[in-house]
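Inspection log for the structure reproduced underneath, given as structure tokens.
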Amino acid sequence: MSEPILQARALVKTYPSGDRRIEVLRGVDFAVGAGESVSIRGESGCGKSTLLHLLAGLDTPDTGDLLWDGEPRVTPERRARFLGMVFQAYYLIPELDARQNVLMAARIAGRLDAAARARAEDLLRRVGLAERAHHLPAHLSGGERQRVALARALVNRPRIILADEPTGNLDEATGNAVMDLLLDLCAQEQVALVLVTHNKEHAARTARQATLHLGKLQIP
Amino acid sequence: MPWPLYLALKQLFPTGRRFPFFTFMSGLGVAVGVALLHVATSIMGGFGHEIRRMIVDTQGEIQVVSRANIQNPAEIMAQVRAIEGVAGVTPVVRGVVMVMHRNVPAYPMIQGVDLATVGEVFHLQRYLVRGSLDDLDDDSVILSTKLAIELGASVGSQLEVYTPLIIDRMGRDEVLLPRVVRVAGLLQIGHDQLDRSTIITTLRTMQELYGSGDSVQALNVRLAPGVDEFEMVRKINPVLPWEMRAQTWFETNADFQSIVKFEKYMVFFLLTFIVIVAALSIMSSLLISVVRKTREIGLVGALGARGLHVAVCFCTQGFVLGLVGTGLGLALGQAVLHFRADIVRVVAGLTVGEDVFQQFYQFVDLPSHTLASDVVIIAIGSVLASTLAGVLPAWRAARLKPVEALRHE
């Protein structure tokens, strides 16, 4: 593995449950190199999404360290430029059309310029939605919405994509197509990928496959 | 454009939707409140403005009054007229009399005017609806229209005028017969009370009726256009004898003006609550919006937004709703003011009738006078209230943690 761009050390995360705490992550060590793809599998409720949220800096661990590009500084501003996220439920803003949804990530990152607009057009073309750029999410199919979400995740040229069950809401054929697109785009853009999935076949397509079990990450 | 502002505008005016129903309905409450405030303050302002117009039109901007009657009016008039900014001066005597026409009595206010100078201050001819000022002499009067109707008199009718002097003479065992005068014209000022109880006659006749010799009660002063009345009062007072004093129309009618102003403020105060209720409805809509858009709030957090940005987004929505509502409200209020005469006619016709309405409000037509300062206060107040209404939803949205918002079901 090349120099890790994202590194987690001894992450511990617990949640309160009545008068005790449930330990979801028990000292997880994890690292991803530039352009590398890693999948994380595990049973439902084992903490995969929790780990992904910790890696994205959306949640804070009880103990442990997180480094982005070797720096422990995890801020919303850095997140906007360092990583892109893809969710199972797409999370498109219903009042914005496909192109505006893609550009929303650039707006928030403070990068909305002609280059960002051109990149958004390019990404929509590459995900096969050039003709539907001005359609609202309500007028797009599930697969199309997820492709918009892929374009949005990539518009700021992030170092890494964190994808949380990106095919979970799609039928098999559509899910496979989205997966193809995700892996192709990450490869073309040289972007690292952390894929949380239940799907064995999808997981098998990443360079490394990890399993989260009883709060520990097992990487063969 | 900063993204919180962009997203706020997009949420209020979504792409591809011709009519933003949510925005319209949320702004409607503010619009109704603003329209009511605009109409009410303009109408109340109209009353004050009309009263001022009538007072100034008939009495001039300044009155010179004295502790006793003014014995040498010509001399004082010359001194006042010589002051720069004074356009005209005329003496006046007023009093209450009893008039009878065919055994119908009335007790109007009679005013004696100096025919040589009255035109400098009071454009009497402008208010005459029948007859002519040229026909007014020492044996005639001009009646206000509704008084004429009450007495059953018209131009050419003969009236008997009884004055307090008759009673005074009776105390000295003298018999003074009532003065018989001819109606030379009919006058309509536009103020119900004045139109029901005003008689104009010559100064000489009035002095005879009241036995006041050559003295007068006051001098009415007309100023040149654009001259400040308070400034002129400061200029006139030094040339007057100690027992006389110049005062503006506002001071002369201070009590009445204060009541009109007080009523305006009360109406403003009470109607402000409508705007507050409208702002609360905006708050409620935005709170619902925060719940409805919890996942989107989580998303923008995941894309790198800070809580403060999310708060600005919701505050902006309150501000824009206030802006839209205020704009609609001012337009609606302006439309109501434009068609107020028709609206009043319909409402009065359906309820008490136009005559009762005029009697109660004193005006033939519902007056309106909009002050730019009132509009600015209403606009700023309602937009501010709507923006503040966005603060609580904004605070709640800002406190949402992205990770919890994304998990929201």
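Below, read A as the first sequence line, B as the second, and so on, with proteins coming before strands; counting in each chain starts at 1. When reading the values below, keep in mind they use all heavy atoms of this one structure, side chains included, and skip hydrogens, waters and symmetry mates.
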Relative to chain B, which segment of A:Ala56 carries a heavy atom at a distance below 4.5 Å: side chain, backbone, both, or neither? neither

For each of A:Asp97, A:Leu96, A:Asn156, tally heavy-atom pairs with chain B at distances under 4.5 Å, and name the one with the top tally. A:Leu96

Most contact-rich option vs chain B, by heavy-atom pairs under 4.5 angstrom, among A:Pro76, A:Ala80, A:Gly110, A:Ala105, is A:Pro76

Any chance CZ of B:Arg396 has more than 12 other-residue heavy atoms, nucleotides or ligands included, within less than 6.0 Å? no

Would you mind checking which part of B:Gln11 comes under 4.5 Å of any heavy atom in chain A, side chain (CB onward), backbone (N, CA, C, O), both or neither? both

Give, as side chain, backbone, both or neither, the part of B:Lys10 having an atom under 4.5 angstrom from any heavy atom of chain A. both

Side-chain contact test, heavy atoms from C-beta onward, threshold under 4.5 Å: evaluate it for A:Leu112 versus B:Met1 and give yes or no. no

Are more than 12 heavy atoms, taken from residues, nucleotides or ligands other than A:Tyr15, located less than 6.0 Å from that residue's OH atom? yes

Option in A:Gln100, A:Met85, A:His134, A:Arg152 with maximal non-hydrogen atom pairs under 4.5 Å from chain B: A:Gln100

May I ask you to check whether over 12 heavy atoms, not counting those of A:Glu131, lie within 6.0 Å of atom CD? no

Look at atom NE2 of B:His338 and say whether more than 12 heavy atoms of other residues, nucleotides or ligands are closer to it than 6.0 Å. no

Sort A:Ala153 into side chain, backbone, both or neither according to what part of it lies under 4.5 angstrom from a heavy atom of chain B. neither

Structural part of A:Phe82 lying under 4.5 Å from a heavy atom of chain B: neither

Intermediate values then yes/no, side-chain contact (heavy atoms from CB on, under 4.5 Å), A:Glu95 and B:Lys293: CA-CA 11 Å; A:Glu95 293 87 0; B:Lys293 295 184 179 298; 2.4 Å; yes

Should we count CZ of A:Arg21 as having more than 12 external heavy atoms under 6.0 Å? yes

Quick one: does any side-chain atom of A:Arg81 pair with a main-chain N or O of B:Gly304 as donor and acceptor, under 3.5 Å? no

Structural part of A:Leu136 lying under 4.5 Å from a heavy atom of chain B: side chain

Atom CZ of residue position A:Arg157 - does it have more than 12 heavy atoms of other residues, nucleotides or ligands inside 6.0 Å? no

Do you know the tightest heavy-atom contact between A:Pro94 and B:Glu296? CD-OE2, 3.0 Å

Heavy atoms only: give me the nearest A:Leu58-B:Pro402 pair and the separation to one decimal. CD2-CB, 3.9 Å

Side-chain heavy-atom pair B:Leu303, A:Tyr91 within 4.5 angstrom cut-off: no

Step through the shown structure and confirm whether more than 12 heavy atoms of other residues, nucleotides or ligands are within 6.0 Å of CD on A:Glu43. no

Taking every non-hydrogen pair under 4.5 Å, which of B:Gly298, B:Ala302, B:Pro2 racks up the most with chain A? B:Ala302

Turns out that what part of B:Tyr6 lies under 4.5 Å from chain A's heavy atoms comes down to side chain

